[in-house]
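Below you'll find the structure, written out as structure tokens, and then a few comments.
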Amino acid sequence: MLTYDDALNMNYYKKAAFTGWMGGMRFVLKKVQPETPEGEDPKPPIFLASVWPGPYIFDKTPKEKITDETFSFDDEGRRAAVDWINEQYESRQAEWPKKKMDTDFL
């Protein structure tokens, strides 16, 4: 399981995304800036968490295999994202390949 300490501190996300692999499930947690319609005040940044079956990186995985969720860009949002990633891992065990080459989209 991913812990709150594993997910690093808030300063890390200002410059980089946090990626990982957990029992066949890949994940990424990163800061994103939502699009703001022209003429409106900029929206605050958010966390975007994504999970998908391994073994491939995000860019090499079909979009229909990726599940995303957004969270506020603060420590509470970071903790909620960790909880969500863990929940996805637990509730979707059958979707995560048991071996690196155990996929249905090779």
Legend entry - salt bridge (Lys or Arg N to Asp or Glu O under 4.0 Å) partners of Asp75, counting only residues at least two apart: Arg78, Arg79
Inset, instruction - Taking Glu76 for its side chain and Ser72 for its backbone only, find out whether a donor-acceptor pair lies under 3.5 Å. - result: no
Legend entry - Path from Leu8 to Val82 over hydrophobic side-chain contacts below 4.5 Å: yes
Inset, instruction - Mind running side chain to side chain contact (heavy atoms under 4.5 Å, CB included) on Ile66 and Phe58 for me, showing each step along the way? - result: CA-CA 8 Å; Ile66 299 171; Phe58 185 88; 3.6 Å; yes
Legend entry - Other residues, nucleotides, ligands: >12 heavy atoms within 6.0 Å of Lys15 NZ: no
Inset, instruction - Anything under 30° is parallel, anything over 60° is perpendicular, the rest tilted; go ahead and classify Tyr12 against Phe18. - result: perpendicular
Legend entry - Donor-acceptor side-chain pairing of Thr67 and Arg92 below 3.5 angstrom: yes
Inset, instruction - Taking Thr36 for its side chain and Lys43 for its backbone only, find out whether a donor-acceptor pair lies under 3.5 Å. - result: yes
Legend entry - Flag side-chain contact, heavy atom, 4.5 Å: Trp84 against Gln88: yes
Inset, instruction - Report yes or no: do Phe71 and Met1 belong to one cluster of Ile/Leu/Val/Met/Phe/Trp/Tyr joined by side chain heavy-atom distances under 4.5 Å? - result: yes
Inset, instruction - Give a yes or no on whether the backbone of Trp96 and the side-chain of Lys98 come within a donor-acceptor separation of less than 3.5 Å. - result: yes
Legend entry - Glu64: side-chain contact (heavy atoms from CB on, under 4.5 Å) partners, not counting sequence neighbours: Pro62
Legend entry - Short side-chain donor-acceptor distance under 3.5 Å, Tyr4 and Asp83: yes
Inset, instruction - Report yes if the side chains of Trp21 and Phe27 come closer than 4.5 Å at any heavy-atom pair, otherwise no. - result: no
Inset, instruction - Using side chain to side chain contact (heavy atoms under 4.5 Å, CB included) as the criterion, point out the one residue from Glu95, Arg26, Lys65 that pairs with Pro53. - result: Lys65
Inset, instruction - Answer with yes or no whether the side chains of Asp5 and Thr3 bring together a donor and an acceptor at under 3.5 Å. - result: no
